[in-house]
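Take a look at the structure below.
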There are 2 protein chains.
Amino acid sequence: MTNSPTDVHPAWLPPAALRPVGARRVHVAGDGPLVATVRAEVAAATTAHGGALVDDPAAADLVLTVDPALDGADAFVVGRRDGVTTVRAGGDAGLLHALHHVVRQGEAAFGADHEDERHAPVEPVRMLDHWDNMTVHPVMGQVERGYAGGSIFYADGKVRHDLSRVEAYARLLGSVGINAVGLNNVNVHATEARLLTDHLDGVVRLAAAFRPHGVRVYLSVSFAAPMTVGGLPSSDPLDPDVQAWWADAAARVYAAVPDFGGFVVKADSEGQPGPFAYGRDHADGANLLARALAPFGGTVFWRAFVYDHHQDWRDRSTDRARAAYDHFAPLDGRFDDNVVLQVKYGPMDFQTREPVSPVIAAMPRTRLAVELQVTQEYTGQQRHAVWLGPQWSQILRFGLWGDGGRTVADVAAGAGAGTGAEGAGAAGTGAARTGGIVAVSNVGDDPFWTGHPLAQANLYTFARLAWDPSADPVTLLDEWIGLTFPDAAAPVRDTLHGILDDSWRTYEDYTAPLGVGFMVRPGHHYGPDVDGYEYTPWGTYHFADRDGIGVDRTRATGTGYTGQYPAPWREVYEDVATCPDELLLFFHHVPWSHVLHSGVSVAQHVYDTHWAGAERTGSNAAAWTALADEVPDDLHARVTERLAEQVRSAHEWRDQLCTYVFRHSGIPDARGRRIY
Amino acid sequence: MTNSPTDVHPAWLPPAALRPVGARRVHVAGDGPLVATVRAEVAAATTAHGGALVDDPAAADLVLTVDPALDGADAFVVGRRDGVTTVRAGGDAGLLHALHHVVRQGEAAFGADHEDERHAPVEPVRMLDHWDNMTVHPVMGQVERGYAGGSIFYADGKVRHDLSRVEAYARLLGSVGINAVGLNNVNVHATEARLLTDHLDGVVRLAAAFRPHGVRVYLSVSFAAPMTVGGLPSSDPLDPDVQAWWADAAARVYAAVPDFGGFVVKADSEGQPGPFAYGRDHADGANLLARALAPFGGTVFWRAFVYDHHQDWRDRSTDRARAAYDHFAPLDGRFDDNVVLQVKYGPMDFQTREPVSPVIAAMPRTRLAVELQVTQEYTGQQRHAVWLGPQWSQILRFGLWGDGGRTVADVAAGAGAGTGAEGAGAAGTGAARTGGIVAVSNVGDDPFWTGHPLAQANLYTFARLAWDPSADPVTLLDEWIGLTFPDAAAPVRDTLHGILDDSWRTYEDYTAPLGVGFMVRPGHHYGPDVDGYEYTPWGTYHFADRDGIGVDRTRATGTGYTGQYPAPWREVYEDVATCPDELLLFFHHVPWSHVLHSGVSVAQHVYDTHWAGAERTGSNAAAWTALADEVPDDLHARVTERLAEQVRSAHEWRDQLCTYVFRHSGIPDARGRRIY
């Protein structure tokens, strides 16, 4: 198939994806800037596909109207009667969501009559954080942990002159319900600290690009900005001059961007400045910024990723996994109403497999957002096809107080607080403490947006799960395939499912086993290095020796981390007999000969999973080859190149892990495969 | 003591070091630019110390004359009769050497009468290669493997405007007999490739700074220069256009710098271009350049550091140690007379302990230079006080065909070739095939020249050993102490000997054991990472597992590397019973429980040496503290800071090595010390 017609791939909104709508007569009614966006979208589609934008609703096949009587500006109902599909939305944002709901349904939206169905997002904030820098770091590149080229926002130390890529990105985000974007890296360097001040005009322009698609912009700020930008002698949150500086900064931002979302803050973390320097705690720090934003309705997203990154590897009593809970749980109830504590899904750092962070269950009087990582820092860096939908679904649906109880998604949505469903942890005030779902974006100025074209599926799936965490991720993947390859034959759909459906577990199979994490090359985090972090200050160890492997985090004999969980998990994880296999080495140090619930030893598990995982990368690459005539040439070539690298890398992981385990354990592979 | 009077430390030529000469009446006779240097040096010293430069030799205490009848421009004789010290030198270079010989002797030069003693350098070329770049690499800095600040030659992409540091450096080098300097990194980047062309005016200025001190300049060149600089379509050594380009380039350089030394070349090595691209071999490549230089008397130093840096760690049959011999030994006799093959002292890469490279014994019909590393890439990076005199002395005095036979220094000097002393390897032509001794410099724009002030001793000792490889290195160290701290009390001398005399072996004690090498952090090579290179393409492995450690390089069961040595070493190294302990793991893979000649197991050896070595760093630091009033404050502070880092690092090495060995071997420390 020939290449995409433009330089930039259309992702899940190629013209053909809008054909079912574009072939109809469509009536759009309502006010507000997003209604104009809906109207323009429909006009373009009908022009392309033979339908029409009609003034008379009675002449329309599809009627889209705003109905303020409907509860929730984001919500909409859709029904079909007498061959007319009718949408009513609670606000103009809901109308945009509804349009894309109809687009996703495609011809099915114009099938049999049916009653009104109501749709509304579960999570109030659905946010993407960009770790983009304005300048290019000689080693890290422009986007920290970015694997898709440079920033679409910035070039040459300034906001880009041409924001057409940003507008296209905003359209993609709006189509899947993302409503917030963090514009810059949480590690805020000198230039970026001045987005608040000298570069505010650029923020105004970025906000203008996102606004028509229902997306508000946020800035990452440096806690030291009163000093580094403002020239004050201190950044002490209790210093009135500091408070005045932030209040003034916020006022200036809101004067320029009235719908500005607020601040994202990484403080006292991995070298970033924070309140500890003044003997203050994180509540003092977060509330300082919150009070500056409050008059304007802004929110602080304060990250809970705080730990000691100068740990001594000799000290087995210190446990990085404990750090976020130890720092933040005691502060529950101390944060202002417009502070959202942004908690990574696991206690470590975006590993392929971690237990859910116990912080999420520990702060009923605090608004919490759960942070996921769409950019594949530890999951193949967009060189490996790893679709993370199943990981995120499993996290969001995890019952924090046991299966069937309130989930991670519930806590983030503020749903069910004060109902007692969380058992002993229940100290909710009864008010809904809504947070949201946040993720680090995987987008850059790459023509395919995400480096690996199939990584677009991660961006899509994240957004759709933020809207509805209970959705079946494979169904969402199927949506993405249908939109992205609207004219593709059935083998494309089958092959993509074959490659992606189990790709997260495949990646887990050939990388760090049984929840132990890391084993990546230090620094860039790509490729295997089993002992790479073992003797470093980073707190990420596996303690392998000739006898066994794993981290004892039990209360009985280990770091006591299991005690941060509510029942039943504190007991489930504590006992090697009940701890799930996939988290065994996260919680326990066991002999290489320890027999898993799966019936094989730890050593044999490593051999089996690594051979199987590496082999699957090969069969995936072969399957993709067959699609050469079914997808655009440039996309096929790019994916082919990436799959080849995945095959190479997976075999390298396999061989290093198997050799490492054999060298340590001396246990031969029961199946006699070659270990180097 | 107060600080040094100038911003730049005077190294081993502080004014007081010249006091014994400066207090005398001195007569200097002779012609040539170096005689002018001698005269100026004496004039400055006598002005400072109350002596005089006198026209009448009969009125002098010290007479320095050039006597062309004496054999060898570098040679001199010195005697004392009737209270007058008289020097006759074969040339003006010899006169400079003689002056500094007298300076080193100090008051002893003016003691009892004695007969003439003759002095002449053993090695004809005594060269320092600078791995300086004109531009600053964002990670590597300006000087590759440099640990003493930026380049003294270049700034802002050009040769420095102010060359006063270069002049001071040239004076230091001339005073110890260095007669050649390579001006730029052997990894030749785009800017530096144009030193030959666009930047030739800068080379002229550098040559002018070195010339008065008897030092000729060389350039590292890129084999691809005919393409990258000259715009030709090829760099094929057999292409007449390529030959013409090099001939023209050489002619232009010599027109500007008539005493230009020649080229240094790293080709087909670690990504540098070379003759392999055209199906040519290294003799073709080296001779191409040699023929361009020959009309002007120039020399090519062609590096033998050629190996596969994309090795597969799974492949135990490939042995990087074999590479230089396999590439170069078959080419013996094929190199033109003005080619010197520059061979690293060991087969790997400047490790703390390696066997001597078998290439040095294998090419009797080739001029060879032996390459040492003064910059402490693998020996503590000038943060650790590691004086390498004993290492170099041991290498240079190593009997290639057995103890008492021709040594490494002999081969480099071209001495004894064709005498049959090398046994079966003797195929010498009878003509002296002189090479020389080369080392990578450790100097930068740091005020102390070398970062660690005590690392100045390495530069000094290297130069003096290149002059006389049979010298006792501790005597040379004593010379350096006396010159550098001329007014210091006896404790300074004792403490410096205490810190430095055994510092190389101390460093070996707390780092990679028993000749196994590496175990450093990949990339920057500082600090421990036992498995850091174990699964990489670099060919530097130790193969540790739960049973044992080491590389089997025997003919019987290993890579066959021992077969590259002449007798008796091929047998000595082959047999674990005769292989010296300090090279055991270089040649053999042995169980952790293997008992060394020293009587302890490999595991226990690691524990014992690492504890002892780390402890010595602590006692050294304590001893240094006591010198606070004996040496300049700035120097004392700098050394104190470095010794503290050495203590920290040595303990980190100790703990990582001991933990690694215990985790693998399960063998407890017989002395019950704490292993983490």
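Per chain, numbering begins at 1; letters A, B, ... match sequence-line order.
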Separation of [Y] [atom2] from [X] [atom1] (nearest 0.5 Å):
X	Y	atom1	atom2	value
A:Glu652	B:Thr536	CD	OG1	9.5 Å
B:Arg546	A:Asp547	CZ	CG	7.0 Å
B:Asp312	A:Asp655	CG	CG	8.0 Å
B:Glu534	A:Asp529	CD	CG	10.5 Å
A:Asp531	B:Arg663	CG	CZ	7.5 Å

Next item on the list: Determine the option with the most heavy-atom pairs under 4.5 angstrom with chain A, choosing from B:Pro528, B:Pro522, B:Gly527, B:Ser665.
Entry: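 Ranked by contacts with chain A, first place is B:Ser665.
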Margin query: Ring-plane angle category for A:Tyr660 and B:Tyr535, please: parallel below 30°, perpendicular beyond 60°, tilted otherwise.
Written below: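 Ring orientation, 0 to 90° scale: tilted.
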Next item on the list: Over 60° means perpendicular and under 30° means parallel, so classify the ring planes of A:His664 and B:His664, tilted if in between.
Entry: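 Judged by the thresholds at 30° and 60°, the geometry between B:His664 and A:His664 is tilted.
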Notebook entry, point to check: Does atom CD of B:Glu615 have more than 12 heavy-atom neighbours from other groups under 6.0 Å away?
Noted result: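 Not buried by this count: 12 neighbours or fewer within 6.0 Å.
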Checklist line | Close side-chain approach of A:Asp545 and B:Phe662, heavy atoms under 4.5 Å | finding: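 Answer no - side chains too far apart.
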Item checked: Pair A:Asp315-B:Tyr676, side-chain contact (heavy atoms from CB on, under 4.5 Å): steps then yes or no -> CA-CA 8 Å; A:Asp315 168 20; B:Tyr676 294 92; over 6 Å; no
